[in-house]
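Below: one structure, written as structure tokens.
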2 protein chains.
Amino acid sequence: MSIRHGIIALLAEQDMHGYQLKVEFERRTGGTWPVNIGQIYTTVQRLVRDGLVLPAPGERSDDRADVERFTLTDAGRAQATVWWSTPVERGAPARDELAIKLALAVTAPGVDVRDVVQAQRTESMRALHDFTRLKAAQPQTDDLGADLAWSLVLDHLVFDAEAEVRWLDHVEARVARASLHPRPSPRPTDDPAAGGAGGGRARRRSGAPPPGGRRR
Amino acid sequence: MSIRHGIIALLAEQDMHGYQLKVEFERRTGGTWPVNIGQIYTTVQRLVRDGLVLPAPGERSDDRADVERFTLTDAGRAQATVWWSTPVERGAPARDELAIKLALAVTAPGVDVRDVVQAQRTESMRALHDFTRLKAAQPQTDDLGADLAWSLVLDHLVFDAEAEVRWLDHVEARVARASLHPRPSPRPTDDPAAGGAGGGRARRRSGAPPPGGRRR
DNA sequence: GCCGCGTACTTACCGGGTAAAGGTTGGGAG
DNA sequence: CTCCCAACCTTTACCCGGTAAGTACGCGGC
């Protein structure tokens with residue numbers, strides 16, 4: 001749904017043709033998510049089918065007339081304002097491969113969760129560093145708005161990656177704790193041990209800031 | 001790809017039939033992501049086509065023989081170990097509707113970013129509270145492993161939601177800061193206050209944008 | 001006797017996303 | 001001057017993830 005709404009939002013500002021939609025979308029999101037041109041056209045087709053978009057009737061004289069532009073219908077314009085005023089739903093979160101993987105890992109025999117966490121942390125931190133480096137190297141273009149947008153998107157990725165790392169640390173800790181007192185049978189109201197146990201496990205921490213975690 | 005890998009991982013532990021895959025998958029992930037049974041079968045079909053899975057040849061006597069079970073081939077088994085040892089890629093992050101929305105919002109005329117952020121924060125915090133409440137109410141079942149998995153998944157959602165809220169705050173702050181010294185714009189809040197840490201942003205207007213712009 | 005429910009499987013369909021193949025135009029390089 | 005390349009603009013075929021809906025069977029109740 002992301003592209004669909006993006007297209008509507010862009011058309012709300014100005015009539016455009018397909019290629020232009022692609023270029024604009026990418027510019028406004030800092031090139032973080034390149035869009036396949038094919039998808040633009042098929043999505044627009046569906047929008048036309050649904051009565052939200054129309055091929056532009058009046059051609060502009062100030063520009064090439066041979067390319068076909070698209071306009072929002074009233075319904076489309078309404079959708080745009082609805083989109084802006086309605087938050088994106090966070091009730092039923094999308095499946096996240098990492099979460100699934102670790103959920104399966106802790107319940108799978110013969111899989112060492114710590115190895116999985118370890119490998120993932122390396123990857124996630126690598127991504128985090130990449131983003132941070134990108135941020136530092138961020139060029140100032142002549143387009144203030146796009147610079148800000150791109151910067152915010154990058155921040156989003158950074159927050160996300162940080163949170164992921166933090167979660168991995170958390171998982172590791174909980175798994176370690178759980179494996180110290182595995183309870184085979186029901187009944188025990190439980191070991192007094194809660195705290196002690198620190199034993200062993202010298203783990204190097206990753207340095208992630210406060211709360212954080214975002215993935216989808 | 002999440003379901004696909006999940007199926008492989010489950011089959012690596014034990015031969016199963018379709019329905020059982022569905023049930024197991026949901027149990028192991030705490031029922032957070034219900035799976036449509038249709039998808040299980042179509043995905044398994046593809047796995048068979050790709051030579052990773054085979055309809056189980058030898059039927060077990062200890063169980064109903066009429067249902068068709070599936071087994072991993074050697075290639076499938078190899079895939080499973082590869083999956084466990086390879087982190088999920090975080091290099092080219094998936095499109096996130098919220099990030100796109102805000103990136104478009106800051107560059108769109110006539111859209112008040114603060115309203116968007118405001119509405120989203122309400123929604124995100126609602127989700128956060130829901131998750132927290134769920135966590136508090138988490139029932140202890142007789143299945144320790146599944147309890148842990150479910151709990152970790154919930155933690156993931158919580159970390160995620162927290163980070164999202166934090167990011168929203170961040171966006172709000174940056175936007176507010178940026179709108180203090182733009183050019184002519186309605187709402188001339190002439191705050192001299194900006195002060196503190198380096199008034200920042202002395203730079204603007206660079207020459208022609210460097211070729212290629214930003215790219216990864 | 002039929003109702004509902006859990007088990008087990010099939011099918012048709014849709015929307016997001018990718019790849020690849022066109023066709024046009026303008027501006028150098030030779 | 002011509003040719004080629006790059007940027008512009010569009011179409012099509014295809015795959016995969018995901019959903020809905022329908023079939024069928026056996027079993028315990030009321």
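Order of the sequence lines fixes the chain letters, A, B, ..., with proteins taken first and strands second; residue numbering starts at 1 for each chain.
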For this session: Specify the residue among Asn36(B) and Asp50(B) whose closest nucleotide of DNA chain D lies further upstream toward the 5′ end.
Result: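 On the 5' side of the pair lies Asp50(B).
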Exercise. Is it true that a side-chain atom of Glu123(B) and a backbone atom of Arg90(A) form a donor plus acceptor pair closer than 3.5 Å?
Worked result: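 Indeed, once roles are kept as given, a pair shorter than 3.5 Å links the two residues.
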Take the protein atom [atom1] of [X] and the nucleotide atom [atom2] of [N], then report the distance between them rounded to whole Å.
X: Gln20(B); N: dT7(C); atom1: CD; atom2: C1'; answer: 11 Å
X: Tyr19(B); N: dC5(C); atom1: OH; atom2: P; answer: 13 Å
X: His5(B); N: dG17(D); atom1: NE2; atom2: C1'; answer: 14 Å
X: Phe70(A); N: dT11(D); atom1: CZ; atom2: P; answer: 7 Å
X: Ile3(B); N: dC15(D); atom1: CD1; atom2: P; answer: 21 Å
X: Glu24(A); N: dC9(D); atom1: CD; atom2: C1'; answer: 16 Å
X: Ile37(A); N: dG23(C); atom1: CD1; atom2: C1'; answer: 14 Å
X: Lys22(A); N: dC8(D); atom1: NZ; atom2: C1'; answer: 11 Å

Exercise. Got a sec, which pairs hit ring-ring contact (aromatic ring centres under 6.0 Å, His included) with one end in residues 2-25 of chain A, sequence neighbours left out?
Worked result: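 Sorted pair list: His5(A)-Trp83(A).
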Exercise. Closer than 4.0 Å, any side-chain N/O of Arg4(A) to the OP1 or OP2 of dC14(C)?
Worked result: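 It does not, given that no N or O in the side chain of Arg4(A) lies less than 4.0 Å from OP1 or OP2 of dC14(C).
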Problem set entry | Any Arg49(B) side-chain nitrogen or oxygen under 4.0 Å from OP1 or OP2 of dC16(D) |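 Yes, Arg49(B) has a side-chain N/O under 4.0 Å of OP1/OP2 on dC16(D).
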Close side-chain approach of [X] and [Y], heavy atoms under 4.5 Å:
X: Trp150(B); Y: Thr29(B); result: no
X: Leu152(A); Y: Leu102(B); result: no
X: Thr71(B); Y: Val53(B); result: no

The criterion is salt bridge (Lys or Arg N to Asp or Glu O under 4.0 Å); which residues satisfy it with [X], sequence neighbours excluded?
X: Lys22(B); answer: Glu26(B)
X: Arg121(B); answer: Asp169(B), Glu172(B)
X: Asp130(A); answer: Arg126(A), Arg133(A)

For this session: Strictly below 4.0 Å, heavy-atom distances to any atom of DNA chain D: list the hits from residues 75-87 of chain A, or just say none.
Result: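 By residue number: none to list.
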For this session: Would you mind telling me which of dT10(D), dT19(D), dC9(C) lies closest to the side-chain atoms of Arg95(A)?
Result: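 Looking only at heavy atoms from C-beta outward on Arg95(A), the closest nucleotide is dT19(D).
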Exercise. Hey, can you pull the residues of residues 39-48 of chain A with a non-hydrogen atom under 4.0 angstrom from DNA chain C?
Worked result: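 Per residue number, the list reads Gln39(A), Arg46(A).
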For this session: Assign Gly38(A) to base, sugar-phosphate, or nothing according to its heavy-atom contacts below 4.0 angstrom with the strands shown.
Result: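 Counting heavy atoms under 4.0 Å across all strands, the contact made by Gly38(A) includes a base.
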Exercise. Would Arg174(B) and Asp147(A) pass as an ion pair if we require N to O under 4.0 Å?
Worked result: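 No, Arg174(B) and Asp147(A) are not salt-bridged.
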